[in-house]
Amino acid sequence: MGSDPATLRIGNASGFYGDRFDALREMLTGGPLDVLTGDYLAELTMLILGRDRLKDPSRGYAKTFLRQLEDGLGLAVERGVRIVANAGGLNPAGLADAVRELADKVGVSVRVAHVEGDDLLARGGWGEGVLTANAYLGGGGIAACLRAGADVVVTGRVTDAALVSGAAQAHFGWRPEDLDQLAGAVVAGHVLECGTQATGGNYSFFGDHDLLRPGFPLAEIAADGSSVITKHPGTGGAVTTGTVTAQLLYETAGARYAGPDVTARLDTVRLTEDGPDRVRIDGVRGEAPPPTLKTGLTRLGGWRNEVTFVLTGLEVTAKAVLVRRQMEAAFDAAGNRPAEVRWTLARTDRDDADVQEEASALLRLVVRDADQDAVGRVVSGAAIELALASYPGFHVTAPPGKGTPYGVFEAVAVDAAEVPHRAVLADGTRIRISSQPPGKTRELERLPDPSLPAPLPVGATRRGPLGRVAGARSGDKGGSANVGVWARTDQAWRWLAHELTVERFRELLPETAGLPVDRHVLPNLRALNFVVDGLLGEGVAAQARFDPQAKGVGEWLRARHMDIPEVLW
């Protein structure tokens with residue numbers, strides 16, 4: 001693949017199901033590429049696709065991808081770009097057939113292959129109410145499809161990074177034992193997988209760059225697994241060591257980043273500027289993968305409802321107490337109290353406000369129950385009936401409605417040898433994939449933390465937000481949240497590494513005080529990565545928290561005030 005066999009240019013055109021629709025065309029026309037990838041799957045997406053499949057067994061894939069190909073398929077063929085996407089979701093074979101039908105419709109000749117075997121629902125034994133059960137596959141099936149000449153490869157649930165590492169494996173002919181090369185490609189894939197987050201999107205220091213319309217990223221991968229992260233010329237945003245560091249920390253944990261093909265050692269990653277909007281990644285070491293595959297289970301957890309009361313002006317606390325007592329009394333009177341009732345008061349109000357909204361606080365009621373009736377009329381009716389009978393200025397942000405279903409995500413480990421990873425070639429041939437020879441696996445163990453840098457000399461400090469000297473990026477993995485924090489300078493790192501302990505982290509973020517928190521140290525990135533177990537309850541689909549995917553936890557941490565050495569201001 002590609003005109004220069006020494007370098008493989010892989011782009012990304014989707015970081016989630018619903019990302020910028022025009023990105024596929026932008027990436028195909030913005031500059032040279034060999035492969036274009038698209039990541040459409042997430043924990044919540046699998047639940048959505050599972051519900052789609054219940055309504056119609058022929059569905060279960062990301063339909064947006066097909067609409068993008070109506071315009072993009074001809075461009076890809078014309079430019080010699082192969083497309084690899086996990087848009088197949090729960091039905092990669094169905095999507096492959098749909099792509100073939102589309103190709104005939106638009107008059108383009110393409111070879112379409114797909115990867116299957118991740119869907120383990122029929123295997124059973126998962127417990128009651130499971131909608132989807134999908135193992136996270138590696139890049140071997142993708143590589144087999146591309147080696148056999150596929151122009152388009154669609155997959156089900158593979159790891160996000162496998163879209164890139166599978167393409168690189170095919171291009172360079174890497175074997176399963178080429179662990180360092182595979183690990184380098186996995187790291188590049190992790191940087192690309194979330195699209196514009198690598199080019200300045202969701203970046204702590206967003207004011208440094210023009211983010212009106214950031215371009216999507218691409219990686220120039222070399223035969224040794226090293227890469228350069230960049231973007232097409234003239235596109236918005238920026239690629240810097242900071243933007244790449246932020247994405248490297250996103251949804252990761254310790255120094256060992258485990259995958260089906262290789263465990264990449266994030267503590268060995270080296271980042272260096274390689275020119276404007278170019279960041280080189282090298283030095284990545286790889287270890288044998290664990291003997292098990294992560295398998296994601298989604299199920300319908302029950303029903304939920306939500307009402308947000310607006311409390312304006314004086315005596316906010318007393319108003320909150322009154323409406324809470326009234327709603328609780330209504331539940332008792334109905335004899336059908338929801339199994340779970342949560343109240344949160346957000347003091348968004350301020351004294352003597354010039355704008356009414358700034359004089360208002362928000363009291364949020366969230367209820368959940370296995371019975372839809374317990375969260376329906378009993379909640380919405382009680383809230384509506386208070387309209388003329390509660391605190392002064394009573395109103396809500398939106399009319400309360402019927403209960404809606406919520407989901408639960410759970411990750412379990414399955415023996416990799418029991419997962420039938422298969423590449424289905426364009427001619428229908430099925431190839432069984434084995435990523436590692438027997439015995440070539442390694443149980444995942446936490447690395448001991450490395451030595452910390454010498455602390456800064458004791459000196460004068462000034463009170464201010466942590467974000468003055470550090471960036472952060474946070475995200476979700478099931479019910480856990482990760483918060484990656486990095487320093488922009490060596491001096492700031494010397495302070496951060498010693499000051500931001502687990503104890504201080506809990507003090508700054510009181511919601512984490514009673515939860516397990518693990519701190520991982522990554523000196524090469526001047527970064528700390530905190531994993532908070534249980535912060536998100538049963539995962540994003542359960543919507544148990546105000547910020548159900550922990551997207552803003554890192555920025556909350558940056559906004560907390562600490563005593564910062566004056567030499568860092």
Side-chain angles (χ1 to χ4, degrees), residues 302-369 371-404 406 463 465 481 506-515 532 534-537 542-553 555-561:
W303 300 83
R304 72 185 300 279
N305 206 344
E306 178 177 333
V307 185
T308 301
F309 302 90
V310 182
L311 314 174
T312 305
L314 305 176
E315 300 181 277
V316 164
T317 300
K319 290 171 180 174
V321 170
L322 173 58
V323 75
R324 179 169 177 170
R325 287 180 57 208
Q326 291 176 311
M327 290 294 295
E328 297 279 358
F331 295 156
D332 292 338
N336 194 17
R337 179 185 176 85
E340 183 178 338
V341 178
R342 294 188 183 185
W343 294 90
T344 55
L345 176 60
R347 294 302 302 264
T348 51
D349 57 304
R350 64 182 181 86
D351 291 338
D352 195 23
D354 294 330
V355 179
Q356 180 179 338
E357 189 171 355
E358 295 176 358
S360 301
L362 300 176
L363 177 65
R364 183 170 177 249
L365 166 65
V366 177
V367 298
R368 303 202 302 177
D369 200 289
D371 180 5
Q372 185 177 9
D373 291 339
V375 301
R377 178 66 185 173
V378 69
V379 176
S380 59
I384 291 170
E385 290 170 4
L386 291 179
L388 304 179
S390 190
Y391 60 85
F394 179 100
H395 65 287
V396 295
T397 56
K402 299 178 180 179
T404 57
Y406 71 88
R463 194 77 176 167
R506 287 192 172 115
E507 290 173 7
L508 294 172
L509 304 185
E511 288 183 36
T512 70
L515 299 172
V532 186
L535 182 65
L536 306 179
Q543 300 182 62
R545 191 175 177 276
F546 165 71
D547 176 13
Q549 289 182 282
K551 296 291 190 181
V553 176
E555 288 302 296
W556 175 28
L557 178 65
R558 292 183 68 240
R560 296 309 308 265
H561 284 215

[X] versus [Y], closest heavy-atom pair with distance:
X: Ala389; Y: Gln326; answer: O-NE2, 2.8 Å
X: Asn305; Y: Gly401; answer: ND2-O, 2.8 Å
X: Tyr391; Y: Leu322; answer: N-CD2, 3.8 Å
X: Lys319; Y: Leu311; answer: CB-CD2, 4.2 Å
X: Asp547; Y: Gly552; answer: OD2-N, 2.7 Å
X: Val307; Y: Pro400; answer: CG2-CB, 3.8 Å

Are any of the side-chain heavy atoms of [X] and [Y] separated by less than 4.5 Å?
X: Leu365; Y: Arg342; answer: no
X: Trp303; Y: Lys402; answer: no
X: Met327; Y: Phe309; answer: yes
X: Thr312; Y: Asp349; answer: no
X: Leu535; Y: Val553; answer: yes

Between Glu555 and Arg558, is the closest basic N to carboxylate O distance under 4.0 Å?
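Counted as a salt bridge, because a side-chain N and a carboxylate O are separated by less than 4.0 Å.
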Mind checking the [atom1]-[atom2] spacing from [X] to [Y]? Nearest 0.5 Å is all I need.
X: Leu509; Y: Leu557; atom1: CG; atom2: CG; value: 5.0 Å
X: Ser390; Y: Arg324; atom1: OG; atom2: CZ; value: 14.0 Å
X: Tyr406; Y: Asp369; atom1: OH; atom2: CG; value: 8.0 Å
X: Asp332; Y: Arg337; atom1: CG; atom2: CZ; value: 6.0 Å
X: Thr348; Y: Leu362; atom1: OG1; atom2: CG; value: 4.0 Å
X: Glu306; Y: Thr397; atom1: CD; atom2: OG1; value: 7.5 Å

| field | Pairing residues for Arg560 by the salt bridge (Lys or Arg N to Asp or Glu O under 4.0 Å) criterion, not counting sequence neighbours | value |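 Partners of Arg560 under the salt bridge (Lys or Arg N to Asp or Glu O under 4.0 Å) test: none.
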More than 12 heavy atoms of other residues, nucleotides or ligands under 6.0 Å from [atom1] of [X]: yes or no?
X: Glu315; atom1: CD; answer: no
X: Arg347; atom1: CZ; answer: yes
X: Asp351; atom1: CG; answer: no
X: Glu358; atom1: CD; answer: yes

Taken in chain and number order and not counting sequence neighbours, the residues that satisfy side chain to side chain contact (heavy atoms under 4.5 Å, CB included) with Gln543 are Arg304
Original post:
For the side chain of Arg545 and the backbone of Gly537, is there at least one donor-acceptor N/O pair under 3.5 Å apart?
Top reply: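 No, because the side chain of Arg545 does not come within donor-acceptor range (under 3.5 Å) of the backbone of Gly537.
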#### Entry: Distance under 6.0 Å and angle within 45° of ring axis: Arg364 vs Phe546
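No, Arg364 does not lie over the aromatic ring of Phe546.
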Distance-only criterion, 3.5 Å: show the donor-acceptor pairs between side-chain atoms of residues 376-388 and protein atoms not counting sequence neighbours.
residue	atom	partner	partner atom	Å
Ser380	OG	Gly376	O	3.2

